[in-house]
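Working notes for the structure below.
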Amino acid sequence: MSTACASDPIAQFQQWLRDGAECGLKEPTAMALATADAAGRPDVRMLLLKGVDERGFVFFTNLESSKAADLRANPHAALCFYWMPLGRQVRVRGAVEPVSDAEADAYFATRARLSQLGAWASRQSRPMNGYYELETEVAKVALRFPFGDIPRPPHWSGYRLVPDEIEFWTEKPFRRHERVLHTRTAGGWQPQWLFP
Ligand SMILES: Cc1cc2nc3c(=O)[nH]c(=O)nc-3n(C[C@H](O)[C@H](O)[C@H](O)COP(=O)(O)O)c2cc1C
């Protein structure tokens with residue numbers, strides 16, 4: 001059986017992520033996150049995947065950003081990963097839910113201090129007068145938190161995309177690519193070959 005047609009798509013994804021990390025990519029966890037607003041208008045941007053297990057795919061961001069506004073209006077999203085050296089793509093679709101405060105706190109605590117200050121300083125997706133304004137905000141929060149642990153900002157947390165579809169795509173010669181779509185059913189994950 002093809003590797004793409006394994007019975008556990010989460011385990012399969014975790015293996016492909018390890019393969020991506022081993023093939024020298026700078027950001028093997030980079031993924032496109034597609035959302036849509038209340039009017040159904042789509043948007044897409046790159047994020048880093050920060051966790052994946054049977055519960056879903058986790059990412060962190062600013063809760064006042066455009067993507068967060070989209071997810072409040074329409075808590076469904078899609079992810080797309082592409083590991084070019086491996087000729088592999090994975091697409092994921094599902095509902096999105098907030099992670100717990102404890103999960104967000106635990107991840108925030110692992111971030112570099114300057115990244116933590118950046119999370120406090122950035123009003124992500126909102127207009128800024130110039131780059132100096134970000135640097136001014138970073139300087140202000142550095143004075144606010146000169147020593148010790150930096151708490152997680154209230155406007156910064158994570159989401160978990162709970163997959164109901166995961167599709168594995170493998171590049172093959174002459175565009176005879178392999179595609180296997182796994183759909184979540186009451187009885188577990190159901191694989192289905194698709195024409196490329
Ligand atoms: C490789 C890469 C990884 C990124 N990772 C994140 C991330 O994990 N979280 C995040 O909020 N933004 C991340 N960004 C920035 C987003 O692409 C985007 O500019 C930002 O989140 C604002 O998006 P929005 O206005 O649609 O909310 C990343 C950008 C790139 C290119």
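All ligand and atom numbering here is 1-based and tracks the order in the structure.
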Nearest-neighbour protein heavy atom for atom 9 (N) of ligand 1, which is reported as residue plus atom name and distance
Phe60 O, 3.0 Å

Is there a nitrogen or oxygen of Arg45 sitting under 3.5 Å from a nitrogen or oxygen of ligand 1?
yes

Among all protein heavy atoms in this structure, tell me which lies nearest to atom 8 (O) of ligand 1, with the distance rounded to 0.1 Å.
Leu48 N, 3.2 Å

Is any side-chain N of the basic residue among Glu64 and Arg123 closer than 4.0 Å to the acidic one's carboxylate O?
no

Please check if the number of heavy atoms outside Arg93 that lie under 6.0 Å from its CZ is greater than 12.
no

For ligand 1 and Thr61, I'd like to know whether there is a polar contact (N/O to N/O, distance under 3.5 Å).
yes

Any non-hydrogen protein atom less than 4.0 Å away from atom 19 (O) of ligand 1:
no

Is there side-chain contact between Tyr107 and Val99, with at least one heavy-atom pair below 4.5 Å?
no

Ser65: numbered ligand 1 atoms lying under 4.0 Å from its heavy atoms
27 (O)

Between Asp105 and Arg152, does any side-chain N to carboxylate O distance fall below 4.0 Å?
yes

Is there any N or O on Asp43 that sits under 3.5 Å from an N or O of ligand 1?
no

Please report whether ligand 1 has a polar contact with Ala68, defined as an N or O pair separated by less than 3.5 Å (distance criterion only).
no

For atom 10 (C) of ligand 1, closest protein heavy-atom neighbour:
Leu47 CD2, 3.4 Å

Compute the centroid of each ring, for Phe81 and then for Trp16, and state whether the two points are separated by less than 6.0 Å.
no

Less than 3.5 Å between some nitrogen or oxygen of Met46 and one of ligand 1, yes or no?
yes

Whether over 12 other heavy atoms sit under 6.0 Å from Met128 CE
yes

Please classify the Gln124 to ligand 1 contact at 4.0 Å (heavy-atom distances, strictly less than): side chain, backbone, both or neither.
side chain

Any side-chain heavy-atom pair of Gln116 and Asp149 under 4.5 Å:
no

Pairwise side-chain contact, Arg91 with Trp169, heavy-atom cut-off 4.5 Å (strictly under)
no

Closest non-hydrogen protein atom to atom 25 (O) of ligand 1, residue and atom name please, with distance?
Ser125 OG, 2.6 Å

May I ask you to identify the nearest protein heavy atom to atom 23 (O) of ligand 1, giving residue, atom name and distance to one decimal place in Å?
Lys67 NZ, 3.3 Å

Quick check: closest heavy atoms across Ser125 and Ser66, and the distance to 0.1 Å?
OG-N, 3.2 Å

